[in-house]
2 protein chains.
Amino acid sequence: MAWSGRLSLTPPTLADVAERAGVSRQTVSNAVNNPELLRPDTLARVQDAIAELGYSPNRAARNLRTRASHLIGLKFNPAQEGTANAAMDRFVHTLVETAGDSGYHILLFAGTTDDPVAAYDALLRSTAVDAFIVTDTYLGNPQAAWLTSRRAPFVAFGRPWDNPEATHAWVDVDGAAGAELATDHLLDKGHTRIAWIGWRKDSFIGEDRRSGWTRSMHARDLPTTGLASRVEDTVASGREAASVLLDEAHPSAFVCASDTLAMGVLHALGDRGIHWGRDVAVVGFDDSQVAQVVPGGLTSVRQPLEQVAVELVKALEGLLSTPPVAGPGVLLSPTLAVRLSSG
Amino acid sequence: MAWSGRLSLTPPTLADVAERAGVSRQTVSNAVNNPELLRPDTLARVQDAIAELGYSPNRAARNLRTRASHLIGLKFNPAQEGTANAAMDRFVHTLVETAGDSGYHILLFAGTTDDPVAAYDALLRSTAVDAFIVTDTYLGNPQAAWLTSRRAPFVAFGRPWDNPEATHAWVDVDGAAGAELATDHLLDKGHTRIAWIGWRKDSFIGEDRRSGWTRSMHARDLPTTGLASRVEDTVASGREAASVLLDEAHPSAFVCASDTLAMGVLHALGDRGIHWGRDVAVVGFDDSQVAQVVPGGLTSVRQPLEQVAVELVKALEGLLSTPPVAGPGVLLSPTLAVRLSSG
DNA sequence: TCGATCCCTTGGATCGATCAAGCGATGCGG
DNA sequence: CCGCATCGCTTGATCGATCCAAGGGATCGA
């Protein structure tokens, strides 16, 4: 506060504080970074001076000397229009908070689709960030391999599906367990013909979630053939897939790989005057805002994004400490947000 | 690329490039910052060396010398659970892209609710950011006044409702025009009894949007008394308000201050077996993902967030140029995304 | 031939913090 | 009383880019 009233617009420096407290610059530096090195009375005197002047270390200078920026790079991938996947919002928020508690800020950057590593490269070369959090792992992950070869510290939100040999740190949510949770929930409600609507086969995440559904069905010796459909992640294709399944397989419940697809199912049911939640149960995936506000509510698998953020930051702290501590992967379990759509 | 293969893990410096290109450090610096000062052939030679070494200026060093970080601070306010307001997502994305084109990155930080300016203060004092984009202006805006007194460059997304004298730069969307657009649309469809469900009176934005509805109604000499309701921004209160209005005022259409409230209206209509879109029209506000994926689609006022981002960055560039150019406020017009809920 | 550009070099200082070495005072054992 | 380690603090160098001032060499026109 103090210096804002002064004539000079430049913030106070370490030297200013030193002069005021009657000590050397280094002592002030120690007061800030290694207080235990100072005698209590000196420390108090320096802290008083710091408070009086409203001193805060200059980031640029500190970054230059210590070769660290205390910034974590995050490529911001927005939700697609017309889908229900707004997980980024909730995730980023807790990430910002958690990182902040550890003294890190999040630096957002945009990526060009044609060259996915260009933006990472630019930030690394200019030493603008200390590490990255990589989230766009839906279809393989060229960034991870590239960052590894570059020896750049990073943690991935998402398993290295395309490369089981990968040794980097990662945090992920067990999608199979989520789908299993959803299917078990429906089975417990008495359903036996439970259909699956998921993504196309080239999606690792989609196949993972699907495996939870099969696992759950097979555990009760129920058939799955003819009950599954794999489509694009849009409301329209979810609606179409549901329509076909209703005609051909007569399911009494649906589990979907996303809330977007689940909305498509609701749409198809509405077309036929079927009362969803009463006549046919529907469960989505991601617990998006859509699931929360649609009349009656859509039962949906909820990813523990807050926990994910905490684990990511924990892993990053390990990587950035000296010596670096490389943790193994962390797999978290989702929960089920039960609402009226599942009866 | 090049240096990543070398034994040394330190990135190349300006001096390295200079040596390789056979020029002085100053010339390399000029090649990067003032290319027009160099003879074309020298420039090419230096650029080759830069490319070969994979050189990129060290941000920390540059920041220290130039007293600029090329970072824009943005407090990340997440959408509330259970509401449909995920505008942040779309807004942040375009902001990151637009800022990136101008050489700026976005630094996210979290704010504590008890002291709204503490986080701003810390970043300013440590010279971590060059400027701020302030978005949380729903109920007055203490940050703006504080930042002004601190002489910190910033642009607000949202008008200075609580202080018309404020001189800072801002960008906003004309909420009244949006509500007017929505109401006119319904009037054109033949509706005359159009109800309004908005926020509590202490919300400047809510009152602004409401004024668009009254303006539109009065322009056609239609009454508004008894047709309006002011509640919390939740699905439940929207539902309740709609229910009361349906009983007492028998409207044939609703205009809402948010998609969240509009979802509440859909809920209330569903409760009574009224077919929305056919029997009763509904229009929401914000064009959230919910509006886009709800079966049939919810007609909604769409804010031009991409334009907002562009204008914000433009204003910031003005503020950060020398001499600073302070632009006046910019008011943008929303559009209407028409879907089946309005017939 | 002289001077005026133009393009680049040279050497240095600077931004503000941290690192590494060093120095005086104190305490303790021999 | 000396030697030596320890504590608490100071001093000079350093990170890498930019800014500044002065000047040198080549080219060109007068």
Side-chain angles (χ1 to χ4, degrees), chain A residues 3 8-47 49-50 53-71 103 124-128 130 322, chain B residues 3 8-47 49-50 53-70 103 123-128 130 322:
Chain A
W3 65 272
S8 156
L9 276 175
T10 49
T13 71
L14 216 134
D16 297 332
V17 178
E19 192 182 5
R20 181 166 191 115
V23 296
S24 70
R25 294 167 322 184
Q26 184 62 39
T27 302
V28 179
S29 175
N30 285 336
V32 174
N33 302 308
N34 305 87
E36 74 281 3
L37 291 180
L38 299 199
R39 224 170 36 204
D41 60 326
T42 334
L43 178 58
R45 201 149 37 93
V46 175
Q47 284 174 336
I50 289 178
L53 293 176
Y55 167 78
S56 192
N58 181 305
R59 298 285 276 236
R62 172 179 277 181
N63 293 350
L64 175 60
R65 195 63 181 91
T66 62
R67 299 172 172 281
S69 65
H70 282 266
L71 289 179
L124 262 185
R125 287 214 310 244
S126 59
T127 59
D130 291 347
T322 43
Chain B
W3 66 271
S8 156
L9 276 176
T10 49
T13 71
L14 203 107
D16 297 332
V17 178
E19 192 182 4
R20 178 164 195 120
V23 296
S24 69
R25 291 174 323 181
Q26 184 66 45
T27 303
V28 178
S29 178
N30 284 336
V32 175
N33 302 307
N34 304 89
E36 73 281 1
L37 291 180
L38 300 199
R39 222 170 37 204
D41 59 327
T42 342
L43 179 58
R45 199 149 40 94
V46 175
Q47 284 173 336
I50 289 179
L53 293 177
Y55 167 77
S56 193
N58 182 306
R59 298 284 276 234
R62 172 180 276 180
N63 293 350
L64 176 60
R65 193 63 183 89
T66 62
R67 298 170 171 283
S69 65
H70 284 266
L123 287 171
L124 261 185
R125 286 216 310 245
S126 58
T127 58
D130 291 348
T322 44

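These figures come from a predicted structure and were not determined experimentally.
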Colleague: Grab the CG-P distance between A/Leu14 and D/dC9 for me, whole Å please.
Modeller: 15 Å

Colleague: Testing the basics here: between A/Ala21 and A/Val46, what is the closest heavy-atom pair and its distance to 0.1 Å?
Modeller: CB-CA, 4.1 Å

Colleague: Examine C/dA17: is either OP1 or OP2 under 4.0 Å from a nitrogen or oxygen in the side chain of A/Tyr55? Give yes or no.
Modeller: yes

Colleague: Which whole-number value in Å describes the distance from B/Arg45 CZ to C/dC7 C1'?
Modeller: 12 Å

Colleague: Identify the two heavy atoms, one from A/Ala60 and one from B/Leu64, that lie closest to each other, and give their separation to 0.1 Å.
Modeller: CB-N, 3.5 Å

Colleague: Can a donor-acceptor pair be found, under 3.5 Å and without considering hydrogens, that links the side chain of B/Ser69 to the backbone of B/Ala128?
Modeller: yes

Colleague: In this structure, how many angstroms lie between the C1' atom of D/dT18 and the CG atom of B/Asn30, rounded?
Modeller: 10 Å

Colleague: If you look at every heavy atom in A/Pro57 and A/Val32, which pair is closest and at what distance?
Modeller: CG-CG1, 4.2 Å

Colleague: D/dG8 C1' sits how many Å from A/Glu36 CD, rounded?
Modeller: 13 Å

Colleague: Sort out the partner of D/dA30 for me: Watson-Crick or G-U wobble, both distances under 3.5 Å, none otherwise.
Modeller: C/dT1

Colleague: Is any side-chain N or O of A/Arg62 closer than 4.0 Å to OP1 or OP2 of C/dT18?
Modeller: yes

Colleague: Taking B/Asn34 for the side chain and B/Glu36 for the main chain, is one N or O donor matched with an acceptor at less than 3.5 Å?
Modeller: no

Colleague: Minimum heavy-atom separation for A/Arg25 and A/Ala18, please, with both atom names.
Modeller: N-CB, 3.7 Å

Colleague: In this structure, how many angstroms lie between the C1' atom of C/dT14 and the CG atom of B/Asn63, rounded?
Modeller: 15 Å

Colleague: Identify the heavy atoms of A/Arg45 and A/Val23 that sit nearest to each other, and give their distance.
Modeller: NH1-CG1, 4.1 Å

Colleague: Look at A/Arg59 and C/dG16 and indicate whether a side-chain polar atom (N or O) is within less than 4.0 Å of OP1 or OP2.
Modeller: no

Colleague: Whole-Å distance between D/dG25 C1' and B/Arg39 CZ?
Modeller: 11 Å

Colleague: Detail all sub-3.5 Å separations between protein N/O atoms and N/O atoms belonging to nucleotides 19-21 of chain D.
Modeller:
| unit_1 | atom_1 | unit_2 | atom_2 | d |
| --- | --- | --- | --- | --- |
| D/dC19 | O4' | B/Arg65 | NH2 | 3.3 |
| D/dC19 | N4 | B/Gln26 | OE1 | 3.0 |
| D/dC20 | N4 | B/Gln26 | OE1 | 3.0 |

Colleague: Measure from the side-chain heavy atoms of B/Arg67 and tell me the nearest of C/dA17, C/dG16, C/dT9.
Modeller: C/dG16

Colleague: Just checking B/Thr13: base, sugar-phosphate only, or nothing, at a heavy-atom cut-off of under 4.0 Å?
Modeller: sugar-phosphate

Colleague: Figure out the CG/P separation between A/Leu43 and D/dC9, and round it to whole Å.
Modeller: 9 Å

Colleague: C/dG16, D/dA17, C/dT9: which one has an atom nearest the side-chain heavy atoms of A/Leu64?
Modeller: C/dG16

